[in-house]
Amino acid sequence: MEIKIKCNCEGDKCEEWAIVEVQGHVEVQPHFQLPIHNLPIGQLCRPSSQEVYTFTVGYHELTGTKVALKKPLLVLKKVKQSSDNVALEVIGLIRHRILFKTRPKALISKPQPTMKEKERARAAEAKLPN
């Protein structure tokens, strides 16, 4: 079977992709019932002109660096031309990976007040003179 590969990139400028490599795995909470395919799991940021990346997932933040791959990888899309013929189309090129190899840092926000604390605050406000 012959598989043709075609590239629709303009000149040598294919769309650049990157691999995000995380140690461990991402777990979905047990009460989550929706399918997780195409579900955004976090926010990937890079401060200006630095090669340090941050990846925020929920209340956890990971710090990583950009690492060049030894050999670039192609991102291919399977295109069916007829019943027997299949072609592969180049849709991207991967030259780097973003490696997060340290443990996540917990992001601590101000805890939400309990009902008793809310009632105490209201009572204290009521006692203040106008």
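- Looking only at side-chain heavy atoms (C-beta outward), Arg97 and Val20 stay at 4.5 Å or farther from each other.
- For residues 61-71, the set of pairs meeting the side chain to side chain donor-acceptor pair (under 3.5 Å) definition, not counting sequence neighbours, comprises Glu61-Lys105.
- Put simply, the side chain of Glu15 does not reach to within 4.5 Å of the side chain of Ile91, judged on heavy atoms.
- Atom CG of Leu93 is separated from atom CG of Leu73 by 8.5 Å, given to the nearest 0.5 angstrom.
- Of all non-hydrogen atoms in His60 and Pro104, the two that sit nearest each other are CB-CB, 3.9 Å.
- Hydrophobic clustering (ILVMFWY, side-chain heavy atoms < 4.5 Å, transitive): Leu76 and Val79 are in distinct clusters.
- A heavy-atom distance below 4.5 Å is found between the side chains of Phe100 and Leu44.
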### Message
Under the criterion side-chain contact (heavy atoms from CB on, under 4.5 Å), I'd like the reasoning laid out for Val86 against Lys78: C-alpha separation, chi angles, the key distance, then a yes or no.
### Response
CA-CA 7 Å; Val86 174; Lys78 189 176 183 179; 3.6 Å; yes
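- Looking at Leu107 and Thr56, their side chains come closer than 4.5 Å, going by heavy atoms from C-beta outward.
- Listed by chain and number, the residues in a side chain to side chain donor-acceptor pair (under 3.5 Å) with Gln23 amount to none (sequence neighbours excluded).
- To the nearest 0.5 Å, atom OG1 of residue Thr102 and atom CG of residue Leu62 are 6.0 Å apart.
- Here the CZ-CD1 distance, from Phe55 to Ile41, works out to 4.0 Å after rounding to the nearest 0.5 Å.
- Under a hydrophobic clustering in which Ile, Leu, Val, Met, Phe, Trp and Tyr are joined whenever their side-chain heavy atoms come within less than 4.5 Å, directly or via other members, Val22 and Leu99 fall into different clusters.
- Of the inter-residue distances, the one linking Leu74 atom CG with Ile94 atom CD1 reads 8.5 Å to the nearest 0.5 angstrom.
- Under the salt bridge (charged side-chain N to carboxylate O under 4.0 Å, His left out) criterion, Glu16 pairs with Arg95, not counting sequence neighbours.
- In this structure, CD on Glu21 lies 11.0 Å from CD1 on Ile98, to the nearest 0.5 angstrom.
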